[in-house]
Amino acid sequence: MSDVQQAYNSWAQQYDSNENKTRDLEARSLRETLAPLTFEHCLEIGCGTGKNTV
């Protein structure tokens, strides 16, 4: 396993619980942008753990 893969595996365990201002700002922006839209399905690419998808 590469060092990069090991680092991401370690980070993934705490990704959703660590303070991450960039990720959290993106979540806020995403919610505000999508709020006026109505849709039944959504495909999010590059969503990591999917924390902001909900």
Side-chain angles (χ1 to χ4, degrees):
M1 184 180 312
S2 74
D3 290 341
V4 173
Q5 185 177 0
Q6 287 174 329
Y8 271 98
N9 286 344
S10 175
W11 184 38
Q13 296 172 14
Q14 53 192 322
Y15 178 82
D16 286 344
S17 59
N18 280 358
E19 180 179 357
N20 182 324
K21 293 182 183 201
T22 302
R23 179 204 58 217
D24 297 341
L25 180 60
E26 190 273 336
R28 181 176 160 192
S29 176
L30 180 66
R31 285 190 302 272
E32 290 174 4
T33 300
L34 296 180
L37 303 176
T38 302
F39 49 91
E40 292 183 29
H41 302 282
C42 174
L43 173 63
E44 184 175 355
I45 298 173
C47 62
T49 64
K51 178 179 174 130
N52 295 341
T53 304
V54 175

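In this text the structure is predicted, and so the values were computed from the model without any measurement.
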Student: Side chain of Ser17, backbone of Gln14: donor and acceptor closer than 3.5 Å?
Tutor: yes
Student: Sorted by first residue and then second, give each ring pair (Phe, Tyr, Trp, His ring centres under 6.0 Å) pair with at least one member in residues 3-34; sequence neighbours left out.
Tutor: Tyr8-Trp11, Trp11-Tyr15
Student: Do Gln5 and Asn9 have side chains that get closer than 4.5 Å, going by heavy atoms?
Tutor: yes
Student: Which pairs count as salt bridge (Lys or Arg N to Asp or Glu O under 4.0 Å) when at least one residue sits in residues 28-47, sequence neighbours excluded?
Tutor: Arg28-Glu32
Student: Once you round to the nearest 0.5 Å, how far does CG of Leu30 lie from CZ of Arg23?
Tutor: 13.0 Å
Student: Hey, could you give me each pair passing salt bridge (Lys or Arg N to Asp or Glu O under 4.0 Å) that has a residue in residues 10-19? Not counting sequence neighbours.
Tutor: Glu19-Lys21
Student: Would you say Leu43 ends up clustered with Leu34 if hydrophobic residues are merged whenever their side chains have heavy atoms under 4.5 Å apart, either directly or through other cluster members?
Tutor: no
